[in-house]
Engineer: 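Have a look at the structure that comes next, please.
Nothing fancy with the numbering, it's 1 onward along the sequence. For ligands, and for the atoms within them, numbers begin at 1 and follow the listed sequence. Remember, predicted model here, so these are calculated numbers, not experimental data. For the numbers below, each heavy atom of this structure counts, side chains included, while hydrogens, waters and symmetry mates do not.
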Amino acid sequence: MDKQELQDPALTNLIISREDQVTPKVLNAMAQTDDARLREIMASLVRHIHAFIRETRPTEKEFETGLQWITRLGQSTNESHNETVLAADVLGISTLIDLINNDGMQGETMSALLGPFYRGESPVCKLGETIARSVTRGAEFFIKGRVTGLDGKPVEGATLDIWQASPDGLYENQDPDQDDFNLRGVQLTGADGCYEFHSVRPKGYPVPTFGPAGELLKAQNRIPMRPAHVHFIVSAPGHKTLITQIFTDDEQSMAMDVVFGAKRQICGELVEHTKPHADYPKAQVPFYTCEYDFVLKPGTPTFPVPPITGKTKAAHNG
Ligand code: BEZ
Ligand code: FE
């Protein structure tokens, strides 16, 4: 429909006198938006928010509290912590957007949340190198596999960007005791499409709870835990970029994921080795291995804007 037709002169000239006039008046005022998608999104947003307000009928005090909560999301965000991403995650918004845009129906690997801890620009690791750049206690962990297309053929020149929390449950950007870029690395596949990283076994960890998202979790009596996982961004020319996480935890922990990010399709099989193994001659027992192949679908590579860019200078958990 032409945007001019969406404007109603009667509404344009109306001076509001009743509650039921507000929504049509606002929709009419926004009907001149040039960008059709912005017009559609904002009209729907106003219809739904106004309906929510009519349903819950917030008091002025509650409205003020809500606005302050949103303000504090921004105020709590800095170069090493992103509270707005965290809030979208604990409300299930990020997972809903993820599933709408990535249904995995062509046989490609399922995606998962980027989360608030992706920094970008990680150092390059050669095949088999460790991403533990400072002394990181914890059992040794080896993860390897292949990147293929939907046809099963290896993808040469795929980039894997990998990051994980330490066994203390902190990403290096949250923890002054870890070296810059600890447990982060980038690897490029060769002609066989293979990748192989050495690391420490990931553990489940609590999301940061010092800010407004944490206050909400507390008020809702929710457990702020994420199941153990490793993050990957797998990209290659001619393929849609895959943002995902491989989970190495039990069913209960996955079902209880505070950000609703765990999916059955991206559950990796963690193998415990209690005896030395010829393929891992230097590994100290017990150690853990996981083999996981990534399947990319055709498309144009795109790259997320990192939610954070640096490392915290002070000791706090976010
Ligand atoms: C993460 O996996 O890094 C994460 C995702 C969502 C919220 C908090 C952390
Ligand atoms: Fe994570």
Engineer: Do the ring centers of His231 and Phe117 come within less than 6.0 Å of each other?
Structural biologist: no

Engineer: Give a yes or no answer on whether the side chain of Lys144 reaches the backbone of Phe197 with a donor-acceptor pair at less than 3.5 Å.
Structural biologist: no

Engineer: Between ligand 1 and the protein, which N/O pairs are shorter than 3.5 Å?
Structural biologist:
unit_1, atom_1, unit_2, atom_2, d
ligand 1, 2 (O), Tyr205, OH, 2.8
ligand 1, 2 (O), Arg226, NH1, 2.5
ligand 1, 2 (O), His229, NE2, 3.0
ligand 1, 2 (O), His231, NE2, 2.9
ligand 1, 3 (O), Tyr171, OH, 3.2
ligand 1, 3 (O), Tyr205, OH, 2.8
ligand 1, 3 (O), His231, NE2, 3.1

Engineer: So among Glu60, Glu62, Gln68, which one has a side chain to side chain contact (heavy atoms under 4.5 Å, CB included) with Glu64?
Structural biologist: Gln68

Engineer: Look only at the side chain of Glu83 and the backbone of Pro208, and say whether a donor-acceptor pair between them is shorter than 3.5 Å.
Structural biologist: no

Engineer: Parallel, tilted or perpendicular, judged at 30° and 60°: which one describes the rings of His277 and His273?
Structural biologist: perpendicular

Engineer: Are Tyr292 and Phe232, when compared by the centres of their aromatic rings, separated by less than 6.0 Å?
Structural biologist: no

Engineer: Is the closest side-chain donor-acceptor distance between Ser94 and Asp89 under 3.5 Å?
Structural biologist: yes

Engineer: Salt bridge (charged side-chain N to carboxylate O under 4.0 Å, His left out), that's the test. Do Arg119 and Glu79 meet it? Break it down for me.
Structural biologist: CA-CA 9 Å; Arg119 262 184 85 172; Glu79 62 174 16; over 6 Å; no

Engineer: Tell me how many protein N, O or S atoms are closer than 2.8 Å to the Fe ion (ligand 2).
Structural biologist: 4

Engineer: Using the rule side chain to side chain contact (heavy atoms under 4.5 Å, CB included), only one of Val207, Thr209, Thr77 pairs with Leu86; which is it?
Structural biologist: Val207

